[in-house]
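Report on one structure; see the data block that follows.
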Amino acid sequence: MSKEDVLKIKNENFLSFYCKNDICVQTESMYEDETVDIPDKNGNVTTYITHTCSDTELVYNRCSSIECKFDTDCLSNKCANKHWVFNDDEPIIRYNDIYVSDRYMHCGKAGGYHCKSNDECSSKICNNTCSQQSKRHYDNSDRFGNGLIFGIFFF
């Protein structure tokens with residue numbers, strides 16, 4: 001599936017994709033998968049490591065991801081100390097479903113990457129780093145409305 005096709009998806013729940021060279025594959029929406037298989041334009045499939053380790057995890061030897069041998073083993077194209085690490089020069093781009101008044105796909109950096117605005121992140125949640133997608137996530141513009149509906153429904 002192409003990036004263009006992914007962005008056309010509407011009204012789907014808990015849907016996420018990783019893409020490499022304009023080829024996208026569906027992935028676990030809660031970041032539970034450690035690898036993803038992505039074909040190239042000729043149909044040859046490569047398995048990439050998706051589970052990242054932070055600098056702190058590497059320093060204290062607390063990284064539990066699958067070990068890599070080469071940069072090309074990792075979706076970010078960066079292997080350090082035998083683990084996949086964040087690569088700001090080639091960030092992992094992820095597509096997640098976002099719910100406001102209807103659902104749509106949003107493209108952005110995967111969870112854990114440094115960010116300055118919500119739009120940079122696939123989750124549309126930036127707190128200096130991109131947040132991972134939660135089970136129910138909303139655009140900031142919709143939080144008040146959903147809280148009001150919740151309050152009316154339960155009280």
Side-chain angles (χ1 to χ4, degrees), residues 1-100 102-140 143:
M1 180 176 276
S2 72
K3 292 177 183 179
E4 186 177 295
D5 291 336
V6 171
L7 289 172
K8 291 177 184 176
I9 297 172
K10 305 283 186 219
N11 298 318
E12 294 289 335
N13 296 317
F14 308 112
L15 200 57
S16 296
F17 292 85
Y18 281 121
C19 301
K20 186 104 173 158
N21 301 324
D22 199 42
I23 297 173
C24 302
V25 295
Q26 190 170 346
T27 187
E28 164 53 48
S29 66
M30 299 306 292
Y31 285 85
E32 293 174 2
D33 48 359
E34 291 192 343
T35 62
V36 63
D37 295 330
I38 301 178
D40 64 17
K41 63 182 178 184
N42 299 318
N44 302 312
V45 176
T46 301
T47 299
Y48 295 99
I49 299 168
T50 60
H51 184 268
T52 56
C53 295
S54 68
D55 293 337
T56 304
E57 289 173 316
L58 288 174
V59 168
Y60 293 104
N61 200 25
R62 294 187 178 151
C63 186
S64 61
S65 73
I66 296 171
E67 290 188 1
C68 56
K69 294 180 184 175
F70 307 102
D71 287 343
T72 55
D73 293 339
C74 307
L75 196 53
S76 70
N77 202 34
K78 188 172 183 182
C79 179
N81 298 331
K82 298 183 181 178
H83 292 286
W84 178 62
V85 293
F86 295 107
N87 183 355
D88 288 326
D89 293 331
E90 197 172 318
I92 298 305
I93 301 301
R94 189 172 161 106
Y95 290 72
N96 287 337
D97 65 294
I98 302 295
Y99 179 71
V100 182
D102 59 353
R103 293 186 191 284
Y104 65 94
M105 297 301 294
H106 180 72
C107 170
K109 295 177 183 176
Y113 275 93
H114 294 285
C115 59
K116 293 180 182 177
S117 71
N118 289 339
D119 284 337
E120 289 181 59
C121 306
S122 65
S123 63
K124 290 205 75 170
I125 301 171
C126 173
N127 294 312
N128 295 320
T129 59
C130 293
S131 177
Q132 291 184 353
Q133 176 182 352
S134 61
K135 286 190 177 187
R136 298 274 311 195
H137 50 283
Y138 305 95
D139 244 345
N140 285 336
R143 286 187 180 167

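Just so you know, these numbers come straight off a predicted model, no measurement behind them. For the numbers below, each heavy atom of this structure counts, side chains included, while hydrogens, waters and symmetry mates do not.
- Taking both residues in full, the closest heavy atoms of Glu90 and Lys20 are given as OE2-NZ, 3.7 Å, listed atom of the first, atom of the second, then distance.
- Taken together, the cysteine pair Cys121 and Cys115 keeps its SG atoms at least 2.5 Å away from each other.
- Around atom CG of Asp88, more than 12 heavy atoms belonging to other residues, nucleotides or ligands sit under 6.0 Å away.
- One distance of note links NZ of Lys3 with SG of Cys24; it measures 6.5 Å at 0.5 Å rounding.
- Counting only distance, with no hydrogens or angles, the side chain of Asp97 and the backbone of Tyr104 share no donor-acceptor pair below 3.5 Å.
- For the side-chain contact (heavy atoms from CB on, under 4.5 Å) with Ile66, the qualifying choice from Asp73, Thr35, Thr50 is Thr35, the only one to do so.
- In this structure a side-chain-to-backbone donor-acceptor pair under 3.5 Å is present from Tyr113 to Ile92.
- Between Thr47 and Val36 there is no side-chain heavy-atom pair separated by less than 4.5 Å.
- In this structure, CD1 in Ile9 is found 4.0 Å from CZ in Phe17, a value given to the nearest 0.5 Å.
- For Lys10, the NZ atom counts as densely surrounded, since its 6.0 Å shell holds more than 12 non-hydrogen atoms of other residues, nucleotides or ligands.
- Closest approach of Ser76 to Val85, counting heavy atoms only: OG-O, 3.0 Å.
- Side chain of Asp22 to main chain of Ser2: no donor-acceptor pair is present (N/O by atom type, distance under 3.5 Å, no hydrogens or angles).
- Between the side chain of Asn81 and the main chain of His83, no donor-acceptor pair closer than 3.5 Å is present.
- Counting heavy-atom neighbours within 6.0 Å of Asn44 CG, excluding the residue itself, gives a total above 12.
- Closest non-hydrogen pair, Ala80 versus Leu58, comes out as O-CD2, 4.0 Å.
- By the 4.5 Å heavy-atom criterion applied to side chains, Ser64 and His51 are counted as neighbours.
- Going from atom CD of Gln132 over to atom OG of Ser16 covers 10.0 Å, rounded to the nearest 0.5 Å.
- With Cys107 as the partner, the side-chain contact (heavy atoms from CB on, under 4.5 Å) test is satisfied by one option alone out of Asp119, Ile93, Asn96: Ile93.
- In this structure, the separation between OG on Ser122 and NE2 on His106 is 7.5 Å, given to the nearest 0.5 Å.
- Taking a cutoff of 4.0 Å between a charged side-chain nitrogen and a carboxylate oxygen, Arg103 and Glu12 do not qualify as a salt bridge.
- Separation of atoms SG (Cys19) and CG (Leu75) is listed at 9.0 Å; rounding is to 0.5 Å.
- The distance from atom CG of Asn118 to atom SG of Cys130, rounded to the nearest 0.5 Å, is 9.0 Å.
- In this structure, Asp33 contributes its side chain and Thr27 its backbone to no donor-acceptor pair below 3.5 Å.
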